[in-house]
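Only one structure is covered here, and it is reproduced in the block below.
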Amino acid sequence: MVATMRTSPRKCFIYLSIVTAVLVFLTYTLLELYSPFGPTPTMELSRGKSISIPGEGRANPGELNVASLVNQPNVTSSLFGRTNVSFPVEQYPAEFNIRKKSLRFYQAKISKVPFRMRQKILAEVPDEAHRMAMAAIVSSLGRDKFMALATNLQERMYVTFLKKVGYQKRLPTVINIGAKKAGTTALGLYLRSHPQVASSLGNEVHYFDWNYDRGISYYRSKMAYSREGQEVFEKTPRYFITADVPRRIRDDVSPDVKLILSVRDPVQRAVSDFHHEQELYSRVNNKARETGRPPRRTRGPEIASTFEATVLRENGEINTESELVQIGMYVEHLKRWLKYFPLSQIIVIDGDQMTKTPLQIMKTVENFLGLDPYFTEDHFQYSELHHVYCLALPEPKCKFSSPHKIPKPVLSDELRKKMYDFYRPYSQELMKLLNQTFPWAEL
């Protein structure tokens, strides 16, 4: 009786182990057959004592050597259900049939898929680059092994495979240097939609004027991932009037970089800039009051309580010390840029025309940058509500001013005439220098 009592637990343990092993085997087999990812990719992998990723130390002893994975020329695996797909890691299969769950894994960067990677990194990657990198990772390492990696290892591997499929962060090849309140936001919205253009992250980088001490690595980090051959676009309108920026761009980016300058009626530009700064100052300081913080001024031009007090001196003459006035003296700033870049590398567009005929302007920009023809009338749709042209394709997007709480300044006839008289010589000199005409230069 005692012997039986001693052996029963052992037998039970054996029986339980056998049953568990059978269940594990059946579960694994079913997952292999019916998982949306299909069987785990099989390939010859070199074994190492650690995962080795460029720039990363040793981790996870006994796992795979990633340096050998990224150099695999071809991978054959059953990634998409029961259909075998064979492709090099540098090439993403354009046509395939996979289930919705698998599709989410490859296509939806911001989704319920439990990536350990920070969403900030995923947000910087174009959709196509993400799909290519994830297909290559799953082909080389396998989905489960990748998903089990620690956050820093996932991110390092992801960036490594982005480079493997041809995507990395590059310095700009095209910079929209200004001018402020002259249609640069609309230009950026339209140009970023071109399939041959990658852009900086966010609206304006302000590297060469406000953040230059942070170094070129910081600047590069502010660009989205791009493939070789794409134009990389950056926009910061304040560059145009900042003295050291032309030299810095030439020395730190390239003497061959292409520059886009947008100009408009200088009087209307000044009015728009003043109104913008009023609204911005009001929002910033309302928020400061709500949080109990002291009021502060913005980093834009200094403005007085009224537009007239900002642009005129006490004796009634135009205040040429005011930044609001200086920006509209376009030719003076352009002369400084021409000391560092030839005119053949600078295109000057009329921001007022951008609001009326965006297709014509974007065709001109396409030709200047050597891009394939892309924009058509179908890409632009006029918004009666906001009185601007919105982007209709590839997806609807619109840039318009938020509702104004402060009325726009109204100029007296005397002040308007005085300002146009002041700007006329500068505008006419600009037309002569560029061999272009601007309707507002004759006002």
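Note that the coordinates shown come from a computational prediction; the quantities given were computed from them, not determined experimentally.
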Within-4.5 Å side-chain heavy-atom neighbours: [X] and [Y]:
X	Y	answer
Ser427	Phe438	no
Val174	Val257	no
Glu429	Lys335	yes
Ile177	Val245	no
Trp440	Val263	yes
Met419	Pro266	no
Leu369	Leu191	yes

With distance as the sole test, does [X] use its side chain to make a donor-acceptor pair with the main-chain N or O of [Y] at under 3.5 Å?
X	Y	answer
Glu332	Met329	no
Glu277	Ile303	no
Gln196	Asp372	yes
Thr173	Glu231	no
Arg238	Lys180	no
Lys397	Leu391	no
Arg220	Arg170	no
Ser254	Asp256	yes

Legend entry - With Lys222 via salt bridge (Lys or Arg N to Asp or Glu O under 4.0 Å) - residues at least two apart: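 For Lys222 there are no salt bridge (Lys or Arg N to Asp or Glu O under 4.0 Å) partners, ignoring immediate neighbours.
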Legend entry - Partner residues of Lys432 under the salt bridge (Lys or Arg N to Asp or Glu O under 4.0 Å) criterion, sequence neighbours left out: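 With sequence neighbours excluded, Lys432 shows a salt bridge (Lys or Arg N to Asp or Glu O under 4.0 Å) to no residue whatsoever.
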Legend entry - Derivation of the side chain to side chain contact (heavy atoms under 4.5 Å, CB included) call for Asn319 and Leu324: CA-CA 9 Å; Asn319 180 14; Leu324 238 66; over 6 Å; no
Results of side-chain hydrogen bond (donor to acceptor under 3.5 Å, both in side chains) for [X] - residues two or more places apart only:
X	result
Thr364	none
Arg192	Ser199
Arg250	none
Glu204	His206, Lys235

Legend entry - Test applied, side-chain contact (heavy atoms from CB on, under 4.5 Å); reference residue, Ile175; option that passes from Leu261, Leu259, Thr236, Ile260: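 So, applying the side-chain contact (heavy atoms from CB on, under 4.5 Å) to Ile175 and each of Leu261, Leu259, Thr236, Ile260, only Leu259 qualifies.
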Applying ring pair (Phe, Tyr, Trp, His ring centres under 6.0 Å), can you list everything that pairs with [X], at least two apart in sequence or on another chain?
X	value
Tyr207	Tyr212, Tyr219
Tyr374	His194, His379
Tyr382	Tyr389

Heavy-atom closest contact ([X] atom, [Y] atom, distance):
X	Y	value
Val165	Ala133	CG2-N, 4.3 Å
Pro195	Arg227	O-NH2, 3.4 Å
Ser226	Val232	OG-CG2, 3.6 Å
Ile361	Met354	CG2-CE, 3.5 Å
Ala179	Pro237	C-CB, 4.0 Å
Lys408	Ser272	CE-CA, 4.5 Å

Legend entry - Within residues 411-421 or reaching into it, pairs that qualify as side-chain hydrogen bond (donor to acceptor under 3.5 Å, both in side chains) - sequence neighbours excluded: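 Every side-chain hydrogen bond (donor to acceptor under 3.5 Å, both in side chains) pair that includes a residue of residues 411-421, provided the two are not neighbours, is Asp265-Tyr420, Lys417-Asp421, Asp421-Arg424.
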Legend entry - Qualifying side-chain hydrogen bond (donor to acceptor under 3.5 Å, both in side chains) pairs with a residue from residues 340-349, counting only residues at least two apart or across chains: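 Found none.
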Inset, instruction - Could you verify whether a donor N or O on one side chain and an acceptor N or O on the other, from Gln353 and Thr355, lie under 3.5 Å apart? - result: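 Not at all, the side chains of Gln353 and Thr355 share no donor-acceptor pair under 3.5 Å.
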Inset, instruction - Would you please classify the geometry between the Tyr190 ring and the Phe380 ring as parallel, tilted or perpendicular, with 30° and 60° separating the classes? - result: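 Plane angle over 60°, so perpendicular.
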Inset, instruction - Report the C-alpha separation of Ile216 and Leu171 in whole Å, then their side-chain angles, then the decisive distance to 0.1 Å, and conclude whether the side chain to side chain contact (heavy atoms under 4.5 Å, CB included) test is met. - result: CA-CA 9 Å; Ile216 199 69; Leu171 292 176; 4.1 Å; yes
Legend entry - ring pair (Phe, Tyr, Trp, His ring centres under 6.0 Å) partners of residues 305-326, not counting sequence neighbours, each pair once: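 Applying ring pair (Phe, Tyr, Trp, His ring centres under 6.0 Å) to every pair that reaches into residues 305-326, excluding sequence neighbours, yields Phe274-Phe307.
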Legend entry - Candidates His276, Arg269, His275 - the one meeting side-chain hydrogen bond (donor to acceptor under 3.5 Å, both in side chains) with Asp273: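 Testing Asp273 for a side-chain hydrogen bond (donor to acceptor under 3.5 Å, both in side chains) against His276, Arg269, His275 leaves exactly one candidate, Arg269.
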Inset, instruction - Check the pair Tyr158, Phe146 against ring-ring contact (aromatic ring centres under 6.0 Å, His included), reporting the backbone distance first and the verdict last. - result: CA-CA 9 Å; Tyr158 187 62; Phe146 175 72; 7.3 Å; no
Inset, instruction - Take Leu201 and Met223, measure what side chain to side chain contact (heavy atoms under 4.5 Å, CB included) needs, and give me the verdict at the end. - result: CA-CA 6 Å; Leu201 305 170; Met223 304 300 135; over 6 Å; no
